[in-house]
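Okay, structure first, notes after.
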Amino acid sequence: MLPGQDGKLGTADDVTVTGDQPLSPGSDGSVTLPSDGGKVDRPDGSYNVPGGTVVDPDGTIHLPGGTVINPGGSVTVPGPDGKTGTDDDTTLNPNSPVVPGDNGSVTLPGGGTASTPNGNITLPGGTVVDPDGTIHLPGGDIVNPDGTITLPGQDGKTGTGDDGKIKPNGPIIPGDNGSVTLPGGGTVTTPGGTINVPGGSVVDPDGTVHLPGGDIVNPDGTITLPGQDGKTGTGDDGKVKPNGPSISNPDGSITLPGGGTVTTPGGTINVPGGSVVDPDGTVHLPGGGVVNPDGTITLPGQDGKTGTGDDVNIKPNGPSVSNPDGSITLPGGGTVTNPGGTYNVPGGTVVDPDGTIHLPNGEVINPDGTVSGKNSNTPTPNNSGSTSGSTAKTLSSNSGFSTLNSNNTTLPKTGDDSMNSAEAIALGISALLGVMTLTEVKRRKEN
């Protein structure tokens, strides 16, 4: 029997220590439990303690690993230096008596709080704290003494190749299912890559990250977008495959510093570094273009702004490629509408942000609908909206011009009165045939 905190036996705070073998009294009034441990009964509860535990006269319990269970039930963990009373101590305030382990660790059956050098953590039931301050959460996550968190990954075991790591910005909130909430955000690294996440992100033990906007960063580094209905697991989900680390923004969008591939129900596009992807699948390209969830692409036109009268609209035939300069390459061709008209364009066409269309054969359709380039003819009026033999078929033209044949047929340039001999002969024969035809028609009418 020990006197407890008041120093007197026979009062309410007396401490009882029992063991299967004789106890070893100390000169300071403490007792050491034998190798097979024993039991300590105090006013705050009962503790089964391992061999080598030392109990002070006031009821303080010194576990073999250096952890101290104070008379009021709080626990002082010595931290990496192995000594209590220094700057790296961790203090536990359990919701019920802790359960000491053979290695000096303590289990919190009812959970509690931990005050660590890196901030305060609310711990769920079943958490285990080692003497060096390492915290083992029920789902397998490990909160290291430096404040970083090791995730067990998809195999459920730490120390293997699929482990993840979290570097939080401030305190964390562990969940009952082993997940970790990051109120201040932080950085999450998995075998699939690294992502900076905003406050409110939740990380599962397998490395899955649930972002505030509804996006899900999968352990393989790909990102699932909820789409226009705001829910993942439905038909309009999108998917992002980043080239390197990505950044999750507070509004739920994803920035791709190294670019990547974005797939939505509307199609797939390779996007350059600096692209931003919204949760609904909208992609904002560095040059000002916008890839809509339905796969169509809006370019800003000559004023550099989308949502104005000179916007350029593209409907690709299959995947498209967004280039670093803001232009769009259409490997499978598609339909392009600019202020000059609407055009069906072939595979390999490139469309600039201002609406200029570069055709594979060298023709260039300008935003006003005029055509230039090494293979083009001088634009000529065309009221029918059709072209013969051109690589681009004009569906409609606001300029009254159409793209011309790409066969390098030479026409006299505007203001050029010169003709070669073949052209002169052809023109003379045409005129003669016309006169003969008119003369025959007139003769028949007179008869």
Side-chain angles (χ1 to χ4, degrees), residues 118-119 121-122 124 135 137-144 146-158 160-227 229-234 236-264 271 275-283:
N118 303 293
I121 306 173
T122 300
I135 301 173
L137 299 174
D141 296 345
I142 296 176
V143 184
N144 303 298
D146 63 0
T148 61
I149 302 164
T150 302
L151 306 172
Q154 293 180 287
D155 65 1
K157 303 174 184 178
T158 56
T160 58
D162 70 341
D163 287 2
K165 193 164 189 178
I166 304 173
K167 187 175 181 181
N169 298 331
I172 64 171
I173 302 175
D176 293 337
N177 62 350
S179 65
V180 175
T181 299
L182 307 175
T187 304
V188 181
T189 301
T190 67
T194 298
I195 184 170
N196 292 326
V197 300
S201 296
V202 178
V203 187
D204 293 338
D206 68 354
T208 300
V209 184
H210 304 266
L211 301 174
D215 297 345
I216 296 177
V217 185
N218 304 299
D220 64 359
T222 61
I223 302 167
T224 302
L225 307 173
D229 66 1
K231 303 174 183 178
T232 56
T234 58
D236 71 341
D237 287 0
K239 193 165 190 179
V240 181
K241 187 175 181 181
N243 296 333
S246 55
I247 300 171
S248 174
N249 304 307
D251 62 357
S253 63
I254 303 288
T255 298
L256 305 174
T261 304
V262 180
T263 301
T264 67
V271 298
S275 297
V276 178
V277 188
D278 292 340
D280 68 355
T282 300
V283 184

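Residue numbers start at 1 and run along the sequence shown.
- Take Thr158 and apply the side chain to side chain donor-acceptor pair (under 3.5 Å) test, not counting sequence neighbours, and it matches no residue.
- Test Leu151, Asn144, Thr148 against Ile166 for side-chain contact (heavy atoms from CB on, under 4.5 Å) and you get one pass: Leu151.
- Looking at every heavy atom in both residues, Pro171 comes nearest to Gly119 through CG-CA, 4.4 Å.
- Nearest heavy-atom pair across Pro226 and Gly213 is CG-O, 4.1 Å.
- Atom NZ of Lys157 sits about 11.5 Å away from atom CG of Asp163, to the nearest 0.5 Å.
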Donor-acceptor pairs under 3.5 Å, side chain of residues 175-183 to any protein atom, not counting sequence neighbours: which ones?
residue	atom	partner	partner atom	Å
Asn177	OD1	Ser179	N	3.0
Asn177	OD1	Ser179	OG	2.7

Please tabulate, one pair per line, all N/O donor-acceptor pairs under 3.5 Å involving side-chain atoms of residues 199-208, not counting sequence neighbours.
residue	atom	partner	partner atom	Å
Ser201	OG	Pro198	O	2.8
Asp204	OD2	His210	NE2	2.8
Asp206	OD1	Thr208	N	2.9
Asp206	OD1	Thr208	OG1	2.9
Asp206	OD2	Thr208	OG1	3.3

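- Annotation: side chain to side chain donor-acceptor pair (under 3.5 Å) contacts of Asn169 (sequence neighbours excluded): none.
- Remark: side-chain polar atoms of Asp155 are not paired, donor with acceptor, to backbone N or O of Asp162 under 3.5 angstrom.
- Partner of Asp215 under the side-chain contact (heavy atoms from CB on, under 4.5 Å) criterion, out of Ile254, Thr224, Val197: Ile254 alone.
- Shown here are the side chain to side chain contact (heavy atoms under 4.5 Å, CB included) partners of Asn243, two or more places apart in sequence or in another chain: there are none.
- Scanning all heavy atoms of the two residues, the minimum distance from Gly233 to Asp237 falls at N-OD2, 2.5 Å.
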Under 3.5 Å, which donor-acceptor pairs link side chains of residues 185-194 to any protein atom two or more places apart or in another chain?
residue	atom	partner	partner atom	Å
Thr187	OG1	Asn196	OD1	3.0
Thr189	OG1	Thr194	OG1	3.1
Thr190	OG1	Gly192	N	3.2
Thr190	OG1	Pro219	O	3.0

